[in-house]
Number of protein chains: 2
Amino acid sequence: MTNTATLAPERSAPRKRDAEATKRAILDAAKIHFARSGYDGAYLRDIAADAGADAALINRYFGGKDGLFQAALKDSIAPDAISHWSRASFGLDVATMMAGHAHQQVERTHAFEFLLQAATNPATAKLLNVAVQERFLGPIRAWIGGKDAEPRARVLASVFIGLLVERLIRDEALEGAERDIFIKRTATVLQSLVEN
Amino acid sequence: MTNTATLAPERSAPRKRDAEATKRAILDAAKIHFARSGYDGAYLRDIAADAGADAALINRYFGGKDGLFQAALKDSIAPDAISHWSRASFGLDVATMMAGHAHQQVERTHAFEFLLQAATNPATAKLLNVAVQERFLGPIRAWIGGKDAEPRARVLASVFIGLLVERLIRDEALEGAERDIFIKRTATVLQSLVEN
DNA sequence: CGCTTAAGTCATCCCCCGTTGACATCTGTC
DNA sequence: GACAGATGTCAACGGGGGATGACTTAAGCG
């Protein structure tokens, strides 16, 4: 279960000494590796290699694998993922998006795979919980508003996550009548969670 | 990242020598561990301990960790995993279950959690797609019945998966009013996907 | 009873990978 | 251009955990 292939293009000209750029490169490589292989399956040596850096630097800059993971996690969760949708058409908008294919939005998919990996590892699930609370559930909660915002945000987030996973697993975009029904059903569910 | 608590009840009377029973015990323990901790996070020593067996036997009977994982996976995908539920109380039953905590091992969700783990493992991800299609979506589809069974099964599966993930990253069981609202909302969503 | 074979146990090996600290090299500043 | 501090490199260590094989014990059988 080792990853033989490196992902980053060959770095013929090793970058000038620049701690920030190096951190950035490590972080980017880490996100890809964590997304693809999970916490345990991602190896610091591989990440460092892809970043064109030495594994020891990960320790210096991030304080170890755990720190790197946390940093990558934070870097992966956009705090305002939900709130730019219009409430009136939320259900339909999201449903339509989910009917498409995951590969249509590559960067987001990477981020999401990463989060899924984090969720399925008990050790990292706790970290994810904190991050999700702050950066995902919080905004949704604020957006929903009202007394029951908290549990409702939970349900909405769950459904949202489920749809993302389904789209990830599905190997092609939905079409025709199937697509229509899917969108209609999904939109109904989502909208019912936002309204009322 | 070690699992201190054993799950199986104390085996005061070590079972009589019986290869089949031992295999069975190992397999059952493995399914729990893999479901909870994923491939990397599940340790053969722990599994063997829970099965009341020696780790070396895993090698003899399953040819290594990989073989055990495959065997457990195969054993986990029961084609009728969903149909145990009553249609009338499906929404409420599932919602109540999901309000609990992931550490409360729920017999009925083991298989799904296991599949979720398999989904995030590059080596087994391919298996999952087939498994989900044949063994999960299929039964749900048949169970729902009717003309639009296919896309509706999709939506139902999505929501189900989302709830599983949410439960994984939540660090405690929901309580009080929050729990009630969560259950009510979730039950409504699920039931609406089954009925009509 | 012995004998044989399967079932189970134990100690040990060995590889993998995160971590560490000493060392080398670059870069900016006076 | 020399010094200091930051940046990058290297080799080695050590723990964890899967694998292995020799050893022990139980079960079936004549």
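Labels below follow one simple rule: chain letters A, B, ... track the order of the sequence lines, proteins then strands, and each chain is numbered from 1.
- The nearest whole Å value for the distance from the CD1 atom in A:Ile58 to the C1' atom in C:dC17 is 12 Å.
- There is no path of hydrophobic side-chain contacts, each under 4.5 Å, that joins A:Ile181 to A:Ile183.
- Toward the 5′ end of DNA chain D lies the nearest nucleotide of A:Thr22, the other residue of the pair A:Thr22 and B:Asp54 mapping further downstream.
- With distances taken from any side-chain atom of B:Ala56 to the nucleotides D:dA27, D:dG18, C:dC10, the minimum falls on C:dC10.
- Residue B:Leu57 contributes atom CG, which lies 14 Å from atom P of D:dT20 at whole-angstrom precision.
- The nucleotide whose nearest atom lies closest to any side-chain atom of B:Arg17 is, among D:dT25, D:dA27, C:dG18, D:dT25.
- At the heavy-atom level, B:Ala55 lies nowhere under 4.0 Å from the strands shown.
- If you check D:dT9, D:dT20, D:dA6 against the side chain of A:Arg60, the one that comes closest is D:dT9.
- Atom pair B:Tyr61:OH and D:dA19:P shows a separation of 17 Å (rounding to whole Å applied).
- Rounding to whole angstrom units, CG of residue A:Asp18 and C1' of C:dG28 are separated by 14 Å.
- When each of C:dT19, C:dT25, C:dT12 is scored by its nearest atom to the side-chain atoms of B:Arg45, the top-ranked nucleotide is C:dT12.
- Distance, A:Glu20 CD to D:dA6 C1': 13 Å, rounded to whole Å.
- Residues B:Arg154 and B:Asp148 are not paired through a salt bridge, judged by the lack of any N-O separation under 4.0 Å between the basic side chain and the carboxylate.
- The nearest whole Å value for the distance from the CD1 atom in B:Ile47 to the P atom in D:dG17 is 12 Å.
- The side chain of A:Leu44 lies closest to C:dG18, out of C:dG8, C:dG18, D:dA19.
- A:Lys23 places its NZ atom 10 Å from the P atom of D:dG8, with the value rounded to the nearest Å.
- Between A:Lys65 and A:Asp40, none of the side-chain N atoms (NZ, or NE/NH1/NH2) sits under 4.0 Å from a carboxylate O, so this pair counts as no salt bridge.
- Residue B:Tyr43 places its side chain closer to D:dG18 than to any other of D:dG18, C:dT19, D:dT7.
- Side-chain N/O atoms of B:His33 and B:Asp46 include no donor and acceptor closer than 3.5 Å.
- Under a cutoff of 6.0 Å and an axis angle of 45°, B:Arg170 and B:Phe182 form a cation-pi pair.
- Distance CZ (B:Arg24) to C1' (C:dA7): 19 Å, rounded to an integer number of Å.
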